[in-house]
Amino acid sequence: ATKRPGGIMKKNSRLILALDVESRDKANSIASETEGIFDAIKVGYPLMLSEGLSVIKELSNIAPVIADLKIADIPNTNHLICNRLFSAGAQGVIAHAFTGRDSLEACVDVAKRWSGDVYAVTEMSHPGALEFMAPVAERMVMLALVAGASGIVAPATRPERIRALRRAAGGLTIISPGVGAQGGSLRDALEAGADYAIVGRSVYESANPRAAAEALLDLI
Ligand code: XMP
């Protein structure tokens, strides 16, 4: 793999919508209502297991889609998974780094073929991430750099950790979940060095997702 730090995502609002709803209709209606605000839409297991991979293509008419299956397998299987996701229309995928260099490089190799992005998970945003992930997160950032990932995922719930991971990450893109429902502050995450904040429940569970998204924009 060759280095491609930064990736191809456009940087306008610096907001990514995590669309963890379980129906295609709800996903499409929230994505349409908030069209133009988010730089990307992240879809994960909840929506893809409910509605299948075809949601990726539908949503990608509205915004680029990042498929968050936190891929974590042997290189050959990672290769197969990434091919499925990119051919379904994803512009980026999220993969775990803890599986090691060969597994992460398998994702990057496929992404390059599709001109897509790979974001490597380093330290997750929930409290349990302090048990096993945080102590080795800087090493996982180095792995993301060496493997040629576009970026890393770092926790908005711990801005001081974003700051530390930014120091290790150089020009890699940092996408950061944990704003809102998990208690993280949008401004703190961006100031600490995140390029994008990922926001889910505080938008899609709102009675007015567009207003909730615009309120976030006002904070930036
Ligand atoms: P909420 O509803 O808490 O949604 O705003 C956050 C979204 O981000 C995902 N998540 C992560 N994804 N690495 C990831 O790749 C992480 O460290 C991480 N923490 C949260 C979560 O699944 C949801 O979609």
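Just follow the structure's listing: the first ligand is 1, and inside any ligand the first atom is 1.
When only non-hydrogen protein atoms are considered, atom 19 (N) of ligand 1 lies nearest to S125 OG, 2.7 Å. The protein heavy-atom contact nearest to atom 12 (N) of ligand 1 is K70 NZ, 2.9 Å. Ranking the protein heavy atoms by distance from atom 24 (O) of ligand 1 puts D20 OD2, 2.5 Å first. Scanning the protein for heavy atoms near atom 17 (O) of ligand 1, the closest one is M124 CA, 2.8 Å. Here the heavy atom of the protein found nearest to atom 6 (C) of ligand 1 is Q182 NE2, 3.8 Å. Among all non-hydrogen protein atoms, the one lying nearest atom 13 (N) of ligand 1 is V153 CG1, 3.2 Å.
Below 4.0 Å from some heavy atom of I94 lie the following atoms of ligand 1, by number and element: 15 (O). Distances below 4.0 Å separate heavy atoms of V121 from the following atoms of ligand 1: 15 (O). Those atoms of ligand 1 that come under 4.0 Å of a heavy atom in R201, given as number and element, are 1 (P), 2 (O), 3 (O), 5 (O).
A salt bridge is defined here as a Lys NZ or Arg NE, NH1 or NH2 lying under 4.0 Å from an Asp or Glu carboxylate O, and R187 with E191 fails to meet this definition.
Residue contacts with ligand 1 include V179, since one or more of its heavy atoms lies under 4.0 Å from the ligand.
Of all the heavy atoms of D68, the ones lying under 4.0 Å from any atom of ligand 1 belong exclusively to the side chain. When heavy-atom distances to ligand 1 are checked against a 4.0 Å cut-off, K42 comes that close only through its side chain, counted from C-beta outward.
Using a 4.5 Å heavy-atom threshold, the side chains of I81 and V110 count as separate. Side-chain contact between I66 and I94: present, with at least one pair of heavy atoms (C-beta onward) separated by less than 4.5 Å. Side-chain contact between T122 and R161 is absent, with no heavy-atom pair separated by less than 4.5 Å.
Around atom 10 (N) of ligand 1, the closest heavy atom drawn from P177, S202, A18, A120 belongs to P177.
A donor-acceptor contact shorter than 3.5 Å is absent between the side chain of S125 and the backbone of A156. Remark: the backbone N or O of I16 is not paired with any side-chain donor or acceptor of D39 at under 3.5 angstrom.
If you check the side chains of R24 and S54, you find a donor sitting under 3.5 Å from an acceptor.
Checked against K42 for a side chain to side chain contact (heavy atoms under 4.5 Å, CB included), the options D68, V199, I175 give a single hit: D68. Only one option out of V121, T77, V93 pairs with I71 in a side chain to side chain contact (heavy atoms under 4.5 Å, CB included); it is V93.
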Pair S87, W114 - check side chain to side chain contact (heavy atoms under 4.5 Å, CB included), show working. CA-CA 8 Å; S87 69; W114 291 90; 3.4 Å; yes
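In terms of polar-atom proximity, defined here as any N/O pair under 3.5 Å, G200 does make such a contact with ligand 1. Ligand 1 has no N or O atom lying under 3.5 Å from any N or O atom of Y204, backbone or side chain.
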